[in-house]
Amino acid sequence: MSHKTRLIAALDTQSIQQANNWAHQLSRHVDALKLGLEFTYACGFEAVKEFSQKHPLFLDLKLHDIPNTVAGGLSSLGQIHPKLLTIHASGGRAMIERAREALEIAYPNSSERPILLAVTVLTSMDENALHEIGVVGSVDDQVLRLGKMAISSGADGLVCSSKEITLLRQALGHKPTLVVPGIRPAGSASDDQKRIMTPTDAARAGADWIVVGRPITRSENPTAAARAIQDELQSA
Ligand code: C5P
C-alpha cells in the first residue's frame with residue numbers, strides 16, 4: 001500500500017467528561033476524533049469549539065438543507081477548526097457548491113480549510129428503503145451517481161461503506177478523500193454494523209481514513225485498541 005490510511009476514533013457520547021477522557025487516552029494514537037449530532041446537541045457548540053482547539057476534529061453533522069442555509073451554517077463555523085466535516089450529497093449540486101464556497105470564504109487559508117465530505121447513501125438504507133423514497137436502481141448505482149455529482153460540485157471526498165471503496169476508486173480515481181466507517185478489527189463484535197471490513201482490507205482497498213467507534217471506546221483499554229489498529233494499518 002503506497003499511502004497511509006489514517007485512523008479516526010468516533011466518540012459517540014453525550015458527556016463532555018467522557019469525550020475528554022477518551023480524547024486523553026487516544027489523542028496520541030489516532031489521527032482525528034469524531035464528534036457528531038449526539039455530542040453537539042447534548043453539550044453545545046461551545047463544547048465542540050473547546051474540543052476542536054485541543055484535538056484534530058471530524059465534525060460529523062451531515063448537513064442537508066437549502067443551499068443558502070447550509071452555506072450560512074458553514075460560514076458560522078469560523079472559530080471551530082474541524083479537519084473534516086460532512087454534508088449530504090442528496091442535497092444536490094447547488095447545495096454542495098455553496099457549501100464549498102462558504103468554506104473557502106470562512107477559511108481563506110486553504111491549509112486550514114476543513115475537508116468537505118459528502119455522504120452518499122446512508123449505510124442503514126438498503127435497496128427497498130431507496131425505492132420507498134423514489135430511487136430506482138441499486139444502492140451501488142445511487143452511490144456512484146451521488147459520488148460523481150458531489151465531487152464534481154466541489155466536495156473534497158466522500159463517506160462510504162467499505163464495500164463501495166473499489167467502485168468509487170475505479171470511477172473517481174485516487175484524488176477524492178474516502179472516509180470509511182463500519183470497520184471491525186478481526187475478532188471484534190460487529191455490533192449493529194452490517195457491512196463491515198477489517199482495517200487491513202479497508203486500507204488495501206484504498207480508504208484514506210477509517211472511522212472506528214465501539215471497538216476502541218468500548219474496549220477495556222482504548223489506548224491499546226487504537227494502537228493495535230494503527231499497527232494493522234502500518235503493515236497493510
Ligand atoms: O461504533 P462504530 O465503529 O460502529 O461507529 C462508527 C461511527 O461511524 C459511528 O459514529 C457511526 O455513526 C458512524 N457512521 C457509520 N456509518 C455511516 C456513517 C457514519 O457507522 N455510514
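As the structure lists them, so they are numbered: ligands from 1, and atoms in each ligand from 1. Only heavy atoms go into these numbers, but all of them, side chains included; no hydrogens, no water, no symmetry mates.
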Novice: Against Leu11, only a single residue in Phe58, Phe39, Phe51 fulfils side chain to side chain contact (heavy atoms under 4.5 Å, CB included); can you say which?
Specialist: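 Answer after filtering Phe58, Phe39, Phe51: Phe51.
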Novice: So, is Lys62 polar-close to ligand 1, with some N/O to N/O distance under 3.5 Å?
Specialist: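 For ligand 1, there is no N or O atom that lies under 3.5 Å from one belonging to Lys62.
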Novice: Name the option, out of Arg184, Arg218, Glu38, that contains the heavy atom nearest to atom 4 (O) of ligand 1.
Specialist: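 Residue with the shortest heavy-atom distance to the ligand atom: Arg184.
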Novice: For ligand 1, which atoms, with element, lie under 4.0 Å from some heavy atom of Gly213?
Specialist: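 Reading through ligand 1 atom by atom, the close ones are 1 (O), 2 (P), 3 (O), 5 (O).
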Novice: In terms of atom number and element, which parts of ligand 1 are under 4.0 angstrom from non-hydrogen atoms of Arg214?
Specialist: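 Counting from 1, the qualifying ligand atoms are 1 (O), 2 (P), 3 (O), 4 (O).
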Novice: In plain terms, say whether Asp156 and Arg100 are close enough for a salt bridge, that is, a side-chain N and a carboxylate O under 4.0 Å apart.
Specialist: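 Salt bridge between Asp156 and Arg100, a charged N being under 4.0 Å from a carboxylate O: yes.
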Novice: Can you report which non-hydrogen protein atom sits closest to atom 12 (O) of ligand 1, along with the distance?
Specialist: Lys34 NZ, 3.7 Å
Novice: Going by the closest heavy atom to atom 10 (O) of ligand 1, which one wins out of Asp12, Val180, Val159?
Specialist: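 It is Asp12 whose heavy atom sits nearest to atom 10 (O) of ligand 1.
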Novice: Among Thr123, Ile196, Leu35, which one puts a heavy atom closest to atom 21 (N) of ligand 1?
Specialist: Thr123
Novice: In this structure, does ligand 1 have an atom that sits under 4.0 Å from one of the heavy atoms of Val212?
Specialist: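 Right, Val212 reaches ligand 1.
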Novice: Can you tell whether the side chains of Asp208 and Arg169 come within less than 4.0 Å, N to carboxylate O?
Specialist: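 Yes, Asp208 and Arg169 are salt-bridged.
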Novice: Considering only protein heavy atoms, which is closest to atom 18 (C) of ligand 1, and at what distance to one decimal place?
Specialist: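 For atom 18 (C) of ligand 1, the nearest protein heavy atom is Pro181 CG, 3.7 Å.
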Novice: For Ala226 and Leu7, work out which heavy atoms get closest and say how close.
Specialist: O-CD2, 3.8 Å
Novice: Taking distance alone, with no angle check, do Asp60 and ligand 1 share an N/O pair under 3.5 Å?
Specialist: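 By distance alone, the answer is no.
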Novice: Between Arg227 and Gln230, is any side-chain donor less than 3.5 angstrom from a side-chain acceptor?
Specialist: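 On atom types as modelled, these side chains do not qualify, holding no pair under 3.5 Å.
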Novice: Could you go step by step and tell me if Asp191 and Arg184 meet the salt bridge (Lys or Arg N to Asp or Glu O under 4.0 Å) rule?
Specialist: CA-CA 9 Å; Asp191 303 304; Arg184 289 294 176 269; 3.1 Å; yes
Novice: Any atoms of ligand 1 less than 4.0 Å from a non-hydrogen atom of Ala10? List them with their elements.
Specialist: 7 (C), 10 (O)
Novice: What protein heavy atom sits nearest atom 20 (O) of ligand 1, and how far away is it?
Specialist: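 Checking every protein heavy atom, the shortest distance to atom 20 (O) of ligand 1 gives Gln193 NE2, 2.8 Å.
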Novice: Do Lys62 and Leu122 have side-chain heavy atoms sitting under 4.5 Å apart?
Specialist: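 Answer yes - side chains close enough.
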Novice: Salt-bridge test for Lys163 and Asp140: reply yes if a basic N is under 4.0 Å from a carboxylate O, no otherwise.
Specialist: no
